[in-house]
Each structure stands twice: as structure tokens, then as C-alpha cells.
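One structure is given below, encoded as C-alpha cells.
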Amino acid sequence: MKKETGRYEAARDRYAAFGVDTDAAIDRLLALPISVHCWQGDDVRGFDGPGVLDGGIQTTGNYPGAAHGPAELMQDYDFALSLMPGKSRINLHACYAIFPEGRFADRDAIEPRDFEAWVRFANERDLGIDFNPTFFSHPMVKNGLTLSSPDPEVRDFWVKHGIACLRIAEYFAKETGKRSLVNFWMPDGLKETPADRYSPRKRMAESLDRILAAGYDRSLISVSLESKVFGIGVESYTVGSAEFCTAYSIKNGLVPLMDNGHYHPTESVADKISSMLLFSDRIALHVTRGVRWDSDHVCRFDDEIREIALEAVRCGPEKICLALDYFDASINRIAAWVSGYRAFRKALLFALVHPGKMLAECQESCDFTKLLVLSEEIKTAPFPAVWEEFCRRAGAAPGAEWLEKVEEYEKEVLSKR
Ligand code: RNT
Ligand code: ZN
């Protein structure tokens with residue numbers, strides 16, 4: 001480790017005056033894992049079908065050099081991860097199964113062996129693996145419905161898929177020695193105003209019950225459920241709404257997952273975190289950036305992400321599975337991956353050096369004058385020096401130097417695809 005710069009020491013003193021220990025904040029951040037989604041690398045195409053994305057989500061843009069197939073995606077993922085300071089986990093979808101030579105299994109029949117190559121990838125890099133059943137981009141999604149379909153054959157197929165994914169996640173946890181989070185998100189919904197909102201939700205709950213009835217090892221995996229407000233083509237009704245998913249999760253001991261693109265624009269996920277953590281030991285987040293809709297733009301170091309990070313830190317970030325979820329095909333995909341990750345990492349550091357304790361004391365003693373004044377003063381604290389120090393301690397360059405490596409990679413690897 002090189003000697004600390006004077007700039008950082010000066011910043012440390014400024015923060016100390018607000019009662020903040022920047023060294024402790026950096027140490028805490030270094031240990032905090034961010035789960036990095038594999039699907040930024042290939043526009044959510046996956047490997048198990050023709051790669052046409054549906055389910056009400058969309059990747060826009062046609063920047064050249066997208067990864068096709070396991071070898072390219074792993075190469076890009078590996079390179080992107082190498083540019084992300086701090087501890088990461090990998091986050092896979094079931095549609096990224098890598099079948100052993102001569103084998104193909106449909107989603108209802110995938111097995112741990114179809115993910116052996118990913119376990120090797122993770123173990124070679126000492127990474128944990130999170131997992132997602134893929135309830136979209138598949139012919140068994142009928143009329144936009146999966147677990148809530150009126151057709152029992154469709155429901156059975158997807159129930160089997162859900163159970164298969166629990167087994168695969170248990171396998172990940174056993175093989176990596178690290179807990180795995182399995183996140184259930186179902187796109188089920190209707191384009192037009194429903195005549196019956198109750199029945200599909202009842203069927204969704206019953207299907208989830210059947211999946212959970214298969215049992216899973218809680219010492220190895222956690223199961224989360226992700227809600228949503230609407231999707232493209234299913235604008236009028238979403239079966240797995242916020243109320244449905246929160247109520248189901250709390251009743252069944254699942255981890256509620258909030259994606260900040262999945263609410264009405266004036267709702268704040270930051271505001272929801274404390275309520276959730278009062279009634280659930282753990283929660284999970286998909287951190288994304290919606291522009292006018294759930295567009296899954298690359299995260300930026302903006303007000304929304306800072307507020308989310310502040311609340312996560314106030315409530316205890318160790319209780320929250322922090323995962324990224326964006327997909328941009330209009331710019332270099334690796335730069336998108338890394339930039340979004342760094343923005344969120346930066347927001348977490350920003351939150352960890354926020355004088356939360358001092359400000360909370362002002363609120364508790366109803367000294368709202370001091371609360372306002374200090375909240376304004378802290379805005380000009382020398383945060384950049386702390387971020388640069390974090391990068392240095394994480395073994396990364398502090399600025400945009402990483403982009404040169406991406407440009408080089410684009411020239412050497414991506415442009416030749
Ligand atoms: C969709 C959800 C979901 C997906 C991924 C690919 O709106 O956010 O999390 O983005 O599973
Ligand atoms: Zn999401």
C-alpha cells in the first residue's frame with residue numbers, strides 16, 4: 001500500500017469534525033458485497049433459446065460487440081469485474097445455463113450440472129453466486145402469464161422451473177461456500193384493465209406455495225420476491241404488485257426485493273427500506289435508474305441512488321442484499337457495467353461518511369435548525385478525496401483511467417466479434 005496522500009488526510013480531519021471516521025467507513029465498504037448481474041453483457045439474451053427478450057422489459061441500442069455465448073460473456077464479465085473496486089458477487093439467470101456437451105434441458109428440467117461452468121468461474125475468482133429463475137423469453141409464457149396462468153400445464157411447467165432453481169442455488173452455495181440469494185420475478189400481467197384481479201393473484205400465490213413446499217435449505221439460500229408496477233405490453237395490471245409481493249414475502253419468510261424502477265415515479269424506495277426492515281430481517285434491492293419509465297438505464301451517482309444508499313446505511317447495509325439491475329445496449333456494454341457499479345459503490349461510500357449519527361441526534365432533540373444547517377454544510381465536505389482513497393485501498397485507479405482499458409479491450413476483443 002502506498003503512503004496516504006495529504007489530500008486524504010485533510011479530508012479525514014474535516015469529516016472527523018462531523019463525528020465521522022473515514023477509515024472505518026472505507027473498511028466497512030471494502031467488506032460490503034455488490035451483486036453484479038451477468039445480463040448487462042449480452043442484453044439479457046441468455047444462452048438457452050433464440051435470445052429474444054420479452055416479459056415487458058427491453059434493452060435498447062445496438063452498440064457493436066455484445067457477448068454471444070458463454071465464452072464471450074465470461075470473458076467480458078471477468079474483465080468488467082476486474083475494473084470494479086470492492087467485493088463483488090455474480091448474479092446469474094437460469095437462461096444462462098451452460099449445458100454439458102450433447103445435453104439440452106428445458107427450464108423445467110435444468111439441473112446443477114448445467115451450471116458447473118459458472119461454479120468454476122466463481123470459485124476461480126472467489127465469488128459468491130446469486131440466482132434468478134427466468135420466467136420470460138420462453139414459449140411456455142402463455143398470454144404473458146406464468147405462475148398465474150389459468151392453464152394448469154403452464155403453471156406446472158413454471159412451478160418445476162422454480163423448484164429446479166432452488167436446487168441449483170443450493171448447489172451454488174455448497175460449491176462456493178457462500179450463501180446464495182434466489183430472486184423470483186414473474187412478468188405476469190395484462191395489457192388491458194382486468195375483469196378479475198383476484199384469481200390470477202390467487203393462482204400466483206398457490207404456485208409459489210407449491211414451489212416453497214418442495215423445501216429449501218435455509219442455511220444455504222434465501223429466497224426473494226421482486227414486485228413491479230407495470231411492464232411494456234402489460235401496462236394495466238401486474239400480478240406480482242408491491243402489496244402482493246410484500247405480503248407474500250412477510251407471510252412466508254421470504255426476502256422482499258425492491259427494484260427502484262418498479263414504483264410510481266414520485267415513490268421513493270429509500271423511504272420504504274426502514275418499513276420493510278422493521279418486519280423482515282433481510283431485504284434485497286435491485287439498484288437501477290428509471291428514466292420516465294422502468295428503463296433500466298445505467299446507475300449514476302444521482303440524488304435517487306444517494307438517498308437509497310443513505311437509507312441502506314442508516315438501517316444497516318449488512319442486512320440488505322445489494323444487487324445491480326440495468327441493461328444498456330447503446331454504449332460500450334462493459335463501460336456501462338463498470339460505470340453503474342462504480343456509481344453505486346460511490347453512493348455507498350457517500351452514505352458511509354455521512355454524519356448520520358450527528359444529524360439523527362439533531363432530529364431526536366428536535367433541533368431542526370442545526371439539522372438543516374449541518375445538512376447543508378456537509379454537502380461541501382471533501383468527499384472526492386475519500387473516494388480516491390477507497391479506490392486506492394481497493395487496488396483500483398481513482399479516476400476514469402479504467403476507461404482506457406475498456407477502450408483497448410474494445411479495439412482488441414469486441415471489435416473483432
Ligand atoms: C424486471 C426486473 C427483473 C429483471 C431481471 C433481468 O423488470 O427488474 O429483475 O430486470 O431479472
Ligand atoms: Zn429488477
Side-chain angles (χ1 to χ4, degrees), residues 34-49 51-60 73 77 89-97 107 129-138 141 144 146-147 158 161-162 165 169 180-189 223-235 237-242 244-246 249 254-265 267 269 272 283-299 304-305 308 320-329 333 336-337 340 344:
I34 295 179
S35 192
V36 180
H37 55 316
C38 74
W39 52 91
Q40 165 57 46
D42 76 333
D43 312 337
V44 208
R45 264 194 291 261
F47 307 146
D48 70 346
V52 182
L53 180 60
D54 61 18
I57 54 178
Q58 208 164 77
T59 308
T60 55
L73 186 68
Y77 206 5
R89 301 172 55 77
I90 59 170
N91 198 5
L92 306 176
H93 244 284
C95 61
Y96 291 85
R107 300 253 177 102
I129 312 179
D130 295 317
F131 197 47
N132 303 260
T134 311
F135 291 95
F136 53 86
S137 305
H138 190 279
V141 182
T146 64
L147 293 179
W158 290 110
H161 178 57
C165 288
S180 181
L181 179 79
V182 200
N183 177 49
F184 281 71
W185 168 69
M186 284 70 61
D188 298 39
V223 177
S224 65
L225 187 57
E226 178 178 9
S227 68
K228 190 160 176 173
V229 63
F230 81 96
I232 301 172
V234 284
E235 288 85 355
Y237 169 66
T238 294
V239 181
S241 62
F244 176 94
C245 291
T246 308
S249 297
L254 305 190
V255 175
L257 186 147
M258 296 187 289
D259 177 314
N260 58 300
H262 291 190
Y263 297 86
H264 291 284
E267 280 185 90
V269 163
K272 299 173 193 296
I283 63 163
L285 295 179
H286 270 184
V287 182
T288 188
R289 181 164 58 101
V291 177
R292 301 184 191 282
W293 67 289
D294 180 31
S295 59
D296 288 298
H297 276 61
V298 176
C299 293
E304 185 181 3
I305 208 174
I308 290 172
I320 308 177
C321 305
L322 303 164
L324 300 171
D325 184 14
Y326 47 82
F327 22 101
D328 194 334
R333 290 171 184 78
W337 236 334
F344 185 45

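The model shown is predicted, which means the values in this text are computed figures rather than measured ones. Counting convention: from 1, in listed order, for ligands and their atoms alike.
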* Asked: What part of D294, side chain from CB on, backbone N/CA/C/O, both or neither, has a heavy atom under 4.0 Å from ligand 1?
  -> side chain

Distance-only, no hydrogens or angles: does the [X] side chain make a donor-acceptor pair with backbone N or O of [Y] under 3.5 Å?
X: E235; Y: G233; result: yes
X: D259; Y: G261; result: yes
X: D54; Y: S137; result: yes
X: T238; Y: V229; result: yes
X: R107; Y: A94; result: no

Under 4.0 Å from a heavy atom of [X]: give me the atoms of ligand 1 that qualify, with their elements.
X: D259; answer: 8 (O)
X: H286; answer: 9 (O)
X: I57; answer: 1 (C), 7 (O)
X: F327; answer: 10 (O)

* So, is H262 polar-close to ligand 1, with some N/O to N/O distance under 3.5 Å? -> yes

* Asked: At distances under 2.8 Å, what protein N, O or S atoms surround the Zn ion (ligand 2)?
  -> E226 OE2, D259 OD2, H286 ND1, D325 OD2

* Asked: Does some non-hydrogen atom of N132 fall short of 4.0 Å from ligand 1?
  -> no

To which protein heavy atom is [atom] closest, and what is the distance rounded to 0.1 Å?
atom: atom 9 (O) of ligand 1; result: E226 OE1, 2.7 Å
atom: atom 7 (O) of ligand 1; result: K228 NZ, 2.7 Å
atom: atom 10 (O) of ligand 1; result: D325 OD2, 2.8 Å
atom: atom 5 (C) of ligand 1; result: H93 NE2, 3.5 Å

* What are the two closest heavy atoms between L254 and L225, and how far apart are they? -> CD1-CB, 4.3 Å

* Which atom names give the shortest non-hydrogen contact between V182 and A169, and what distance separates them? -> CG2-CB, 3.3 Å

* Asked: Just by distance, with hydrogens left out, do H286 and T288 show a side-chain donor and acceptor under 3.5 Å apart?
  -> no

* Asked: Knowing that exactly one of D130, N132, N183 qualifies, which makes a side-chain hydrogen bond (donor to acceptor under 3.5 Å, both in side chains) with S224?
  -> N183

* Can the ring centroids of W185 and F136 be said to lie less than 6.0 angstrom from one another? -> yes

* Using the six-membered ring wherever Trp is involved, compare the ring planes of W39 and H37 and label them parallel, tilted or perpendicular (cut-offs 30° and 60°). => perpendicular

